[in-house]
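So that the names make sense, note that chain A is the first sequence line, chain B the second, and so on, each numbered from 1.
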There are 2 protein chains.
Amino acid sequence: MPTKRVTSHDVARQAGVSRATVSLVLNRSESVVIAKETRERVLRAAGELGYKPNSAARMLVSGQSETIGLIVSDPSILLVDQFVTQVLYGVETANRQLGLHVLVAGLESDGPGSTYDDLVESRRIDGLIVLNPKAGDAALISLIEKDFPLVLVGSVRHPREVAVTFATRPALMKAVDHVVGLGHRRVGAITFSPRSFIATEARLAALEAGLRAHGLALDADAIEIGDFSPESGHCAGLALLSRRPDVTAIFAGNDTIAIGVLSAAHALGRTVPQDLSLVGFDDLPFAPWLTPALTTIRTDGVHQGQIATQMLFERLNGRSPAVPRVRLEPDFIVRASTGSAKP
Amino acid sequence: MPTKRVTSHDVARQAGVSRATVSLVLNRSESVVIAKETRERVLRAAGELGYKPNSAARMLVSGQSETIGLIVSDPSILLVDQFVTQVLYGVETANRQLGLHVLVAGLESDGPGSTYDDLVESRRIDGLIVLNPKAGDAALISLIEKDFPLVLVGSVRHPREVAVTFATRPALMKAVDHVVGLGHRRVGAITFSPRSFIATEARLAALEAGLRAHGLALDADAIEIGDFSPESGHCAGLALLSRRPDVTAIFAGNDTIAIGVLSAAHALGRTVPQDLSLVGFDDLPFAPWLTPALTTIRTDGVHQGQIATQMLFERLNGRSPAVPRVRLEPDFIVRASTGSAKP
DNA sequence: ATTTCTAACTGACACGTGTTAGTAAGCGTC
DNA sequence: GACGCTTACTAACACGTGTCAGTTAGAAAT
């Protein structure tokens, strides 16, 4: 790019006005201080020269970068589970609509954790959205307590956090009602992460509560721990069904794990839903097209990303969001992977 | 964030030196112009005050943003097909390792297309990686011809483009050998996009060439056009198998479409691989865990993203990449979705 | 004619950094 | 002691923009 940059100075010269006037015309949209004729001359000059303000200079003087950071915890989850991508898409589109740029940064759980400071202290971003935040993340807590404009997609259970989460309990209750209504009595679960993660614990608790309402229990040896991936679903499914062959219904931590469970069931000679009922979580785009089509709980990740963006936008404009913690309600979707328990 | 920013001026005062010295100490890592004792005093002061240079000021004076743009054409593909996410992950990790930031921007095909200029002309980014570039994208061509540091993940067939693509022909040949070797004679294909897309056309051509080498043809009415999604795979599969029930093997444009084809086959009462053989494309993480496990062609999207980053890095440092067009070689992976044709 | 007022524009500063030309000090050399 | 040379540091400029306080010109009022 050997081309010379066009500055506001060039525009001013071409329009026969001062640089200050150019700036006023281009920024103060409806202020009447500028004569109509002058305004038009400036706009024409800017157009002809193809003037685009230098973002760095503008950032420097205004203190704003018009950019938000999107931190993805454990980015390798992106590789295996499509849900994170749904949120990312929601965040990107919503910000584009608002005229904001999105800087994506992965945060390795074993890394230095300085990623936040790199972005925040250097004033490279105005606000932050954090995907899958970890409760023990000290740097993150510190930012929350400094009141830095930050929205969590997930939760670290901090009293002052601003977050978008899912109220999974109602949908899980419906799912349990459905499964128990089909006659299942021995139910298993495969989580997408260790119980220490807030979302995992909350979902297991909801599941247990739901079963308890029907006089049933979620046995400790009917729980397996996965890691988001189909492979982990397969392994956990094999382990669970081998240890507890009497289990007739499994709740998977997400749809991706459910794929692996389907494969495990098949490997063990059990047909879904005749010999085993399976419930997924998320309703990813492939869920209706698995064989059998997956009964699942629909969490709208795109929407979650959009809401997070909207809340961050409020904070960036100095307004504290009307509701600091938004809880979205997932739907329960019945398809073909759940069926009557054998008598 | 009511906290006052720490500037290099503060560091200078605390260390008892001039601001210039601070800058020299922090930037000229191994230049010996600074006395060891002074250097240490400055570093200590910077550490104590928690000094982080303001990125905007640095960008302004250096003309570099240490940020690259990642343009995702038709971002909604992200939602349905996991392959794009693999590349994104590769790009993000590689750039993080190089100390560069990544700005992600979706480019709607029907949009104004000004996304490039927004980023480039405002000097917000130093270089660009474009995912799934469109051959007809005038703004993109213009950047290529201006020699802007830009790497394509894909191709627009421009003589001066710098790109990372896949040489799909050898792997597709192997796949055809495999399928024909199993006795299949009537083969169908479902693409992930209209033939006008370069990759689609190239893969169909390779497929046709492979079949021709065996004295077979890819009939026009045995080709269906999909759109990356499992749903499109399902619909295309239904259409193809209804119109040409004699087809015994199908090549899917990607693994995601293959999911839909599996479901279509099932809906029509055909079992894979007994009644129908299926070959996917990409080897996404779920491919081994579908039922049956998917025979497919492995394209390493993460690697592709890393290579693209590396090539862009070369360009940013003024070196033109050793090989302007890297072609990666996919592997052919045989699993359980392909089997002997019925006699 | 002088003052006051308004509309329309401009001069000059600030933002925080990287860098180059330049200075001051120390030291040896003739 | 004048001179040159090296070492270690600093003053000052440049980057391109947003934004006031201030200036000019013309009209209106006194």
What does the list of N/O pairs under 3.5 Å between the protein and nucleotides 15-19 of chain C look like, with a distance for each?
{"residue": "C/dT17", "atom": "OP1", "partner": "B/Tyr51", "partner atom": "OH", "Å": "2.7"}
{"residue": "C/dT17", "atom": "OP1", "partner": "B/Asn54", "partner atom": "N", "Å": "3.2"}
{"residue": "C/dT17", "atom": "OP2", "partner": "B/Ser8", "partner atom": "N", "Å": "2.7"}
{"residue": "C/dT17", "atom": "OP2", "partner": "B/Ser8", "partner atom": "OG", "Å": "3.1"}
{"residue": "C/dT17", "atom": "O5'", "partner": "B/Tyr51", "partner atom": "OH", "Å": "3.3"}
{"residue": "C/dG18", "atom": "OP1", "partner": "B/Asn27", "partner atom": "OD1", "Å": "3.2"}
{"residue": "C/dG18", "atom": "OP1", "partner": "B/Asn27", "partner atom": "ND2", "Å": "3.1"}
{"residue": "C/dG18", "atom": "OP1", "partner": "B/Arg58", "partner atom": "NH2", "Å": "3.4"}
{"residue": "C/dG18", "atom": "OP2", "partner": "B/Ser23", "partner atom": "OG", "Å": "2.9"}
{"residue": "C/dG18", "atom": "OP2", "partner": "B/Asn27", "partner atom": "ND2", "Å": "3.1"}
{"residue": "C/dG18", "atom": "O6", "partner": "B/Arg19", "partner atom": "NH2", "Å": "2.7"}

Check nucleotides 22-27 of chain C for protein N or O atoms closer than 3.5 Å to its own N or O atoms and list the pairs.
none

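Remark: the B/Gln86 side chain and the B/His303 side chain contain no N/O donor-acceptor pair separated by less than 3.5 Å.
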What donor-acceptor contacts under 3.5 angstrom involve side-chain atoms of residues 311-320 of chain B, with partners at least two apart or in another chain?
{"residue": "B/Glu314", "atom": "OE1", "partner": "B/Arg319", "partner atom": "NE", "Å": "2.9"}
{"residue": "B/Arg315", "atom": "NH1", "partner": "B/Leu150", "partner atom": "O", "Å": "2.9"}

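Atom NZ of B/Lys36 and atom C1' of D/dT7 are 17 Å apart (whole Å). Rounded to whole Å, the distance from CZ on B/Arg13 to P on D/dT10 is 15 Å. To the nearest angstrom, P of D/dT7 lies 15 Å from CZ of B/Arg39. Spacing between atom CD1 of A/Ile34 and atom P of D/dG18 amounts to 13 Å, rounded to whole angstrom units.
Salt-bridge annotation for B/Arg5 and B/Asp10: absent, with no side-chain N of the basic residue lying under 4.0 Å from a carboxylate O of the acidic one. Here B/Asp118 does not pair with B/Arg124 in a salt bridge; the nearest charged N to carboxylate O distance is not below 4.0 Å.
The overall bend of the helix from C/dA1-D/dT30 to C/dC30-D/dG1, read as the angle between its terminal helix axes built from five base pairs each, is 80° when rounded to 10 degrees.
Within the 4.0 Å cut-off from OP1 or OP2 of D/dC9, at least one side-chain nitrogen or oxygen of B/Thr38 is found.
Not counting sequence neighbours, A/Phe83 has no partner by the ring pair (Phe, Tyr, Trp, His ring centres under 6.0 Å) test. With sequence neighbours left out, B/Glu40 forms a side-chain contact (heavy atoms from CB on, under 4.5 Å) with B/Lys36.
Counting all heavy atoms, side chain and backbone alike, B/Ser193 lies closest to B/Phe228 at CB-CE1, 4.4 Å. Of all heavy-atom pairs spanning B/Val42 and B/Val22, the tightest one is CG1-CA, 4.1 Å. Heavy atoms only, all atoms of each residue included: A/Asp74 and A/Lys134 are closest at OD2-NZ, 2.8 Å. The minimum heavy-atom distance between B/Pro133 and B/Ser155, with the atom names listed, is CG-N, 3.8 Å.
Environment of CZ in B/Arg160: crowded, with over 12 heavy atoms of neighbouring residues, nucleotides or ligands closer than 6.0 Å.
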